[in-house]
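Encoded as structure tokens, the structure appears first; notes follow it.
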Amino acid sequence: MTKEFRSVQGFNDILSPEIAKFQHIESVARRCFGLFNFREVRTPVLEQAGLFERSIGTSTDIVEKEMYTFEDKGGERLSLRPEGTAPVARTYIEHNIDKQDALQRWFYIGPMFRHERPQRGRLRQFHQAGVEIFGTDDPFADVETILLADTIISSLAVRDVTARLNSIGCPVCRPAYLKELRSYLGSVRERLCEDCRKRADTNPMRVLDCKKEGCLEATASAPRTTDHLCNDCSGHLSGLRSGLDALKIPYTIDTRLVRGLDYYSRTVFEFAPARDTRAQNAIVAGGRYDYLVELLGGPHTPAIGFAMGIERMAALIDTPVQRGPAVFFVPLSSESRVKAVRLAGVLRHTGRTCEIGYGEKTIKSMLRRADRLGADLVIIIGEEELRDGFVTLKRMSDGTQERVNDADLPDAVGRMKS
RNA sequence: GUGGGUGUAGCUCAAUGGUAGAGCAUUGGACUGUGGCUCCAAGGGCUGAGGGUUCGAACCCCUUCACCCACCCCA
């Protein structure tokens, strides 16, 4: 069949039963955010293109070729947000949050957009849940951010996920490090892949992140960020590590871990399935961005956060069982349907989920439907029930059924269900 | 952006140039107001689309579209 309309490439419909995973992940995430006392912030999906260009960095792939950027009718250059941090930082600045209380703990959940070739774990519209802590450079904020990510992952019963961690320094120590790294990379240049030769000039730290064997070997003895941190950065890192150790949160230091976004400083981290060697396997990633708010025109505001990929998390969990309705009504005439609607209203008032069968279908087909939906109880209303003011209440699990007077229905439903 | 793979019923897949099929699902019946189990039956397809070769194409060729996977990169 040729369908006239289909969803746009990389923009997927999410429907039952897959939707149950999303609902579960989001509700677990919300609960954890709430328990850590983070407040929700909802920002628009559209922002000025410049916000991302400046924050993420113009030489990153995201900005260079993956943004949905267009001119609207007013001639403004707008972008669908490719990530959540920059918009939230913009919000922090725009509403002068620091004037009230510079320390803020925020979370967001929503769709993000990147124009890439879709594949496993990568879509053009995807969903992230993330947090940001603004207004402190206390390493304990880093600890708590990582703890929160770890809490969500374990609350979702996802196993064998490991955390990798690194510090990429700050404007004080990074220039000297980069100088050293550049000269090292120059010395092994001919052993690097073509991409990495370019990166060696434009974004040398990314060379460390290359997965190609030749590059891995060539950079095996490259200078490490962690050996070139200034006193403050190194103190920050050890504060973070001792916090994680004290809480017994497992992690490994990975000096090759740099992140793809320009705004990170000091702490960067990533959670990924231990066994999965595929490239796009990070389910949570984040880091510190102490200079982003400033870069966007706000006051100096150290901050840290992470983003979790909801689709990627969904790939790691089982589909939760979706409960059927507590009660499915089987009215055998239009008069009895009126009664069914009335009784369903009473039951819904007591918190029972009810669905009423439609149409001229036979009792058999309606019962089949009730069975398929997984209804606990069925209420049959025919001629006799209508005339004498009762209903036939049937328990699907064992088929037992009884006559129940209309007025006794809520009690009888409670009794039969248990 | 580059490379590979796949498109046949709602779903998962057969059919290798000669009448398009199965399982599951759906609907109905056996069972006239009673679901699941079993049995019986039915509906459902321009074989992604367009063109070509051939007496004849799901199958071969060309074009195109879509999806999947990988690279790149990222959540």
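First the proteins, then the strands, lettered A, B, ... as listed; each starts at 1.
When all heavy atoms of F271(A) and A149(A) are compared, the pair lying nearest together is CE1-CB, 3.7 Å.
Partner assigned to A14(B) is none, using Watson-Crick or G-U wobble distances below 3.5 angstrom. Nucleotide A58(B): unpaired (no Watson-Crick or G-U wobble partner with both distances less than 3.5 Å). Partner assigned to C46(B) is none, using Watson-Crick or G-U wobble distances below 3.5 angstrom. In this structure, U27(B) forms a base pair with A41(B), meeting either the Watson-Crick or the G-U wobble geometry with both donor-acceptor distances under 3.5 Å. For G7(B), the paired base is C65(B) (Watson-Crick or G-U wobble, both distances below 3.5 Å). With a cut-off of 3.5 Å on both pairing distances, the Watson-Crick or G-U wobble partner of U2(B) is A70(B).
R122(A) places its CZ atom 12 Å from the P atom of G1(B), with the value rounded to the nearest Å. If you take CG of N12(A) and C1' of C67(B), they are 10 Å apart, rounded to a whole angstrom. Rounded to whole angstrom, the span from the OH atom of Y263(A) across to the C1' atom of A75(B) amounts to 11 Å. Between the CG atom of D195(A) and the P atom of U2(B) there is a distance of 15 Å, given to the nearest Å. We find that CD1 of I363(A) is positioned 8 Å from P of G35(B), with the value rounded to whole Å. For the pair E402(A) CD and G33(B) P, the computed distance is 23 Å after rounding to whole Å. In this structure, R395(A) places its CZ atom 20 Å from P of U34(B), rounding to the nearest Å. Remark: C1' of G35(B) and CG of L393(A) are 15 Å apart, rounded to the nearest angstrom.
Straight-line distance between the C1' atoms of U6(B) and G44(B): roughly 24 Å, to the nearest whole Å. Comparing the C1' positions of C60(B) and G3(B) gives an interatomic distance of 25 Å, to the nearest angstrom. Between the P atoms of C24(B) and G18(B), the separation comes to 28 Å (whole Å). Across the C1' atoms, C61(B) and U54(B) are found 12 Å apart, a figure rounded to whole Å. A70(B) and G17(B) have their C1' atoms separated by 34 Å, given to the nearest Å. For the P atoms, the distance linking C40(B) with A22(B) amounts to 13 Å, nearest Å. On the C1' atoms, G33(B) is 22 Å away from U38(B), given to the nearest whole Å. For the P atom pair drawn from A41(B) and G5(B), the interatomic distance equals 43 Å after rounding to whole Å.
The side chain of R120(A) has C69(B) as its nearest neighbour among G36(B), A75(B), C69(B). The side chain of K394(A) lies closest to G35(B), out of C72(B), A75(B), G35(B). Distance from the side chain of R117(A) is smallest to G3(B) among G3(B), A75(B), C72(B). When distances run from any side-chain atom of S365(A) to the nucleotides G3(B), G28(B), A66(B), the shortest one goes to G28(B).
In this model, the phosphate group of A70(B) is approached by a side-chain N or O of Q119(A) to a distance below 4.0 Å at OP1 or OP2. For R372(A) and U26(B), the shortest distance from a side-chain N or O to OP1 or OP2 is below 4.0 Å. Between Q9(A) and C67(B) there is a side-chain N or O to OP1 or OP2 distance below 4.0 Å. Checking the phosphate oxygens (OP1, OP2) of C67(B), no side-chain nitrogen or oxygen of R6(A) falls inside 4.0 Å.
No donor-acceptor pair under 3.5 Å is formed between the side chain of K417(A) and the backbone N or O of R395(A). Counting only distance, with no hydrogens or angles, the side chain of T136(A) and the backbone of D138(A) share a donor-acceptor pair below 3.5 Å.
Heavy atoms of I310(A) sit nowhere under 4.0 angstrom from any nucleic acid atom. Contact annotation for A285(A): backbone-only contact, meaning every heavy-atom pair under 4.0 Å involves sugar-phosphate atoms and none involves a base. Nucleic acid contact for L123(A): base, since at least one base atom lies under 4.0 Å from a heavy atom of the residue. T400(A) comes within 4.0 angstrom of no nucleic acid atom, judged by non-hydrogen atoms across all strands. Across all strands, G130(A) comes closer than 4.0 Å to no nucleic acid atom at all (heavy-atom distances). Counting any heavy atom pair closer than 4.0 Å across all strands shown, E384(A) reaches a base atom. E83(A) comes within 4.0 angstrom of nothing in the nucleic acid, heavy atoms only.
Projected onto RNA chain B by closest heavy-atom contact, S397(A) and T392(A) fall at different nucleotides, the more 5' of which corresponds to T392(A). Position along RNA chain B of the nearest nucleotide to R368(A) versus E385(A) favours R368(A) as the more 5'-ward residue.
Note that R124(A) lies outside the cation-pi zone of F11(A), set by a 6.0 Å cut-off to the ring centre and a 45° limit from the axis.
Applying the 3.5 Å distance criterion, the base of U34(B) shares no donor-acceptor pair with the side chain of K364(A).
Using a cut-off of 4.0 Å between Lys/Arg side-chain N and Asp/Glu carboxylate O, R105(A) and E144(A) are scored as salt-bridged. For the pair D209(A) and R206(A), the salt-bridge criterion is met [side-chain N within less than 4.0 Å of a carboxylate O].
Taking CZ of R81(A) as the start and OG of S79(A) as the end, the distance is 12.5 Å to the nearest 0.5 Å. For the atom pair CE (M416(A)) and CD1 (I379(A)), the distance works out to 9.5 Å, reported to the nearest 0.5 Å.
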